[in-house]
Structure formats: structure tokens, C-alpha cells
Amino acid sequence: MPLFEHPEFDHHETVSYCHDAASGLRGIIAVHSTHLGAGLGGCRMWPYRSEDEALTDVLRLSRGMTYKAALAGLPQGGGKSVIIGDPRKDKTPELIRAMARAIERLNGAYVVAEDSGTSVADMRVMAEVTRHVGGLADAAAQAAGRTGDPSPATALGVFIGIQAAVRHQFGRDDLKGLRVAVQGLGNVGYRLCRHLHEAGAQLWVTDLYLPAVERCVNEFGATAVAMDQIALLDVDVYAPCALGAVLDDATIPAIRARVVAGAANNQLALPRHDHALRERGILYAPDYCINAGGIIDIYYEGPDYDPAAVDAHLRRIGTTLSEIFSTADAENRPTGEIADRMAEARFRPQ
Ligand code: NAD
């Protein structure tokens, strides 16, 4: 499909196809907006079935990064890159270096980070070729216990976002006895459970991977539930921290929680589900706002890393969410729509 007519094309500034015959690289880099700064976003390696599927993904994801960075108050734009291939079979250092050369040719308009199918180790290989790699913990950072993994900051940001949502929806500041269902206990979900447990919340948990469930049961006294039940429990907060598209025509009418607030990307199956949640009186914390802790942390990574500045910035996730919730109530509009509008006001050239 021609790029300018593609349904996911949204005035992206640059879409660059990259190829390297020797390593077999076939990739696409999309820079959606650099109005606020360089377009930061992960490099995803995935066995896309077609070039169009890869293009759809990179256009959609790079646009999402612009919104996320703008709403997080970062001086950054949005970008993303994809490599067509199976990371387990096709990934070689030569291929990663070839991608890094393509990134270098964009002269800093795009800054790469790890994503599905690429790792911190791949980013180190890229950093041999290009300066435009974000979030890499240097030797001093590693000595200070930072690994470049953004999950702890993401989990703290989600916890702060849940506090803001609970304050708005239930008018209470403490989380003692709050009933929370956490779906997905990976890097973010597990850490979120720890924050919630320390704040006195009661947890219901599920995961595909049973040892992850057992760990939360043992460490936090959580109650294990079946995967297909987690969204339907009689709890206060449902926190999706696994896969996307969990809020759809089947789940929304059955959700009993009054707050949906979690780390997963793209939680709404379709944009209209934002309205459906509001109609049911469920307060939805827009995913790209509540899960921005990771990119905030990446932004600060470097020799002058200041944990207090990162913490203060993460707390602003709560302030931004409170503003979204109040505006949504004042205008009787869904929270996702308000979040989009606030982000656009920041990144669209006036
Ligand atoms: P992860 O891969 O470490 O954890 C995901 C967990 O979900 C795994 O334990 C997996 O077994 C489980 N899972 C998968 N399908 C499931 C299902 N149907 N039901 C229950 N559990 C299921 O990922 P993560 O880094 O913890 O990220 C979680 C979500 O948050 C993802 O959607 C990710 O895109 C999003 N996110 C993560 C970050 C970050 O910093 N890691 C930042 C922003 C957004």
C-alpha cells in the first residue's frame, strides 16, 4: 500500500526503509514527530508475515511514542524501528550493526532502545556504531545497581497512577485493604505487586507462568486465580500488566472493578472501548500515560543520573492522570480522548 494512503500514516516526518545485502537486514525506521526532540523508540525484531504488516506496526508504534513522550513531559519526540525476521534464528551482530548504521544515517532524528526481539546486549552492539542509543546503563550506572531495565520505573509509575485513580474514584489517599487484581506478573507486574503489598493492598493474581504466580502468593499473600477470571473479579482495581486488547466488548460489561489501571500497552481493543468504560462508570487510566515510567527513566539515564529527579518526574504521572480524570468528568468525555488531546496540544506545532 502506498505510504501516504496507509491508514496508520499520520503525518510521520520520515519513514526510512533500510537494507543490507551482506547481513540480510530488512528494516523500517519511522520518525513520527521531532517537534519536542529526537524521536525515541524501541527497535522491534519480529517475523512479520509481510512488509505491510511491518509498516503498519512501525507507523502505529512510532505515533504512540510521540503521544507518550509528550504526555510524560519529556523533551522528546516519537519514533520506532522494526527488523523483519525471527530474533531467535535471524539475529546476528552483523545484522544489528547494519541496523545501527541505518540509524546513524538519520543523524539523531531517531534514538533507538530495546524492544521485543532486541536486548540490552544488542543495544551495546549498536552503540559501537551509533551514538543514538537511549537508556544504556554505563559502567558507573551498573556499579550503582542500574541495569538499563526500565521495568522498576514503569512499575513505580503504575503504582503512582493507581494511587491517583483511587483518590479520584474513591476519594481516599491510602491503599490499605484496597482489592487489586493484577494480570501478568512479569518484570512490571511482579514489582507492582510488591508496591501494592507494601501499601497494604490485597492482591489477586494470575499469569501463564505458574512459578510467577507462586512467587506472589508466597511473598505477598496474594490469591491465585484462573487467567480467564482475573478481569471479572469483585475488586476495586483491575491492573492489566500482560497483553494488550484486554478491554473489549466481552470484558467491559463484565468488569466489576471501578478502576482499570495497569502497565500493558494498547489495553483498549478499539478506540470506542474508551467510551464503553466511561458509560459503565469505570475510571480508565490511559495506558500510555500510566506506563510512561520506563521512558522517563531512559531519558535520565547517563553519567548525571539523579534518582531524586527521576522520582519527582515519575510522581508527575499521578498529577497528569488527576488532570485527565478531572477534565474527563468536567466535559463528560472518556479519559483516553482527553489524554490524546493534552498530548497533541504539547507536540503539535502551533
Ligand atoms: P513481561 O514479559 O516481563 O511480563 C508479562 C507477563 O505476562 C509474563 O509473566 C507472561 O507470562 C504473562 N502473560 C502473558 N499472557 C498472559 C495472559 N493471557 N494472562 C496472564 N498473564 C499472561 O513484560 P513486562 O515488561 O512486565 O511488561 C508487561 C506489559 O507492560 C506489556 O504489555 C508491556 O508492553 C507493558 N510495558 C512494559 C514496560 C516496561 O518497562 N517493561 C513499559 C511500558 C509498557
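We count ligands from 1, going down the list as the structure has it; atoms in each ligand are counted the same way. Just the heavy atoms: all of them, side chains too, but no hydrogens, waters or symmetry mates, feed the values below.
- Of the listed residues (Val188, Ile290, Asp228), the one carrying the non-hydrogen atom nearest atom 26 (O) of ligand 1 is Val188.
- Note: Tyr190 and Phe220 meet the aromatic proximity criterion, with ring centroids under 6.0 Å apart.
- Classification of Lys91 and Asp122 as a salt-bridged pair holds, one side-chain N sitting under 4.0 Å from a carboxylate O.
- Contact annotation: the side chain of Arg44 never approaches that of Glu114 to less than 4.5 Å [non-hydrogen atoms, C-beta and beyond].
- Between Arg101 and Asp20 there is a salt bridge, since at least one side-chain N of the basic residue sits less than 4.0 Å from a carboxylate O of the acidic one.
- With distances taken over non-hydrogen atoms, the option nearest atom 19 (N) of ligand 1 out of Gln267, Met227, Glu114 is Met227.
- With respect to atom 15 (N) of ligand 1, the closest heavy atom belonging to the protein is Leu208 CD1, 3.5 Å.
- Polar contact with ligand 1: absent for Lys68 (N/O pair, distance under 3.5 Å).
- In this structure, atom 40 (O) of ligand 1 lies nearest to the protein heavy atom Thr154 OG1, 2.7 Å.
- Under the 6.0 Å cut-off for aromatic ring centres, Tyr110 and His132 do not qualify, their centroids lying 6.0 Å or more apart.
- Backbone and side-chain nitrogen or oxygen atoms of Gly294 are examined, and none is located within less than 3.5 angstrom of a nitrogen or oxygen of ligand 1.
- Across Val158, Asp207, Leu210, Asn266, heavy-atom proximity to atom 11 (O) of ligand 1 is greatest for Asp207.
- If you check which protein heavy atom lies closest to atom 36 (N) of ligand 1, you get Ala263 O, 3.7 Å.
- Nearest protein heavy-atom neighbour of atom 22 (C) of ligand 1: Ala242 CB, 3.6 Å.
- Using cut-offs of 30° and 60° on the angle between ring planes, the pair His12 and His32 is perpendicular.
- Under a 3.5 Å cut-off, the side chain of Asp287 and the backbone N or O of Gln267 do form a donor-acceptor pair.
- Heavy-atom distances between Cys241 and ligand 1 reach below 4.0 Å in at least one pair.
- In summary, Asp311 and Arg315 engage in a salt bridge, as defined by a charged side-chain N under 4.0 Å from a carboxylate O.
- The neighbour count for Glu51 CD, taken as heavy atoms of other residues, nucleotides or ligands under 6.0 Å away, does not exceed 12.
- Around atom 34 (O) of ligand 1, the closest heavy atom drawn from Val213, Asn265, Val182 belongs to Asn265.
- Residue-ligand proximity: Gly184 is placed with a non-hydrogen atom under 4.0 Å from ligand 1.
- Of all atoms in ligand 1, listed by their number and element, those nearer than 4.0 Å to a heavy atom of Pro150 are 40 (O).
- Of the protein's heavy atoms, Asn291 O, 3.6 Å lies nearest to atom 43 (C) of ligand 1.
- The environment of OH in Tyr288 is crowded: more than 12 heavy-atom neighbours from other residues, nucleotides or ligands sit within 6.0 Å.
- The nearest protein atom to atom 4 (O) of ligand 1, hydrogens excluded, is given as Gly186 CA, 3.2 Å; this is a heavy-atom distance.
- We find that Arg256 and Asp236 are not joined by a salt bridge, their nearest charged nitrogen and carboxylate oxygen being 4.0 Å or further apart.
- Residue contacts with ligand 1 for Asn187 involve both N, CA, C or O and side-chain atoms from C-beta outward (heavy atoms, distance under 4.0 Å).
- Within ligand 1, counting atoms from 1 as listed, the ones closer than 4.0 Å to a heavy atom of Leu243 are 15 (N), 16 (C), 17 (C), 18 (N).
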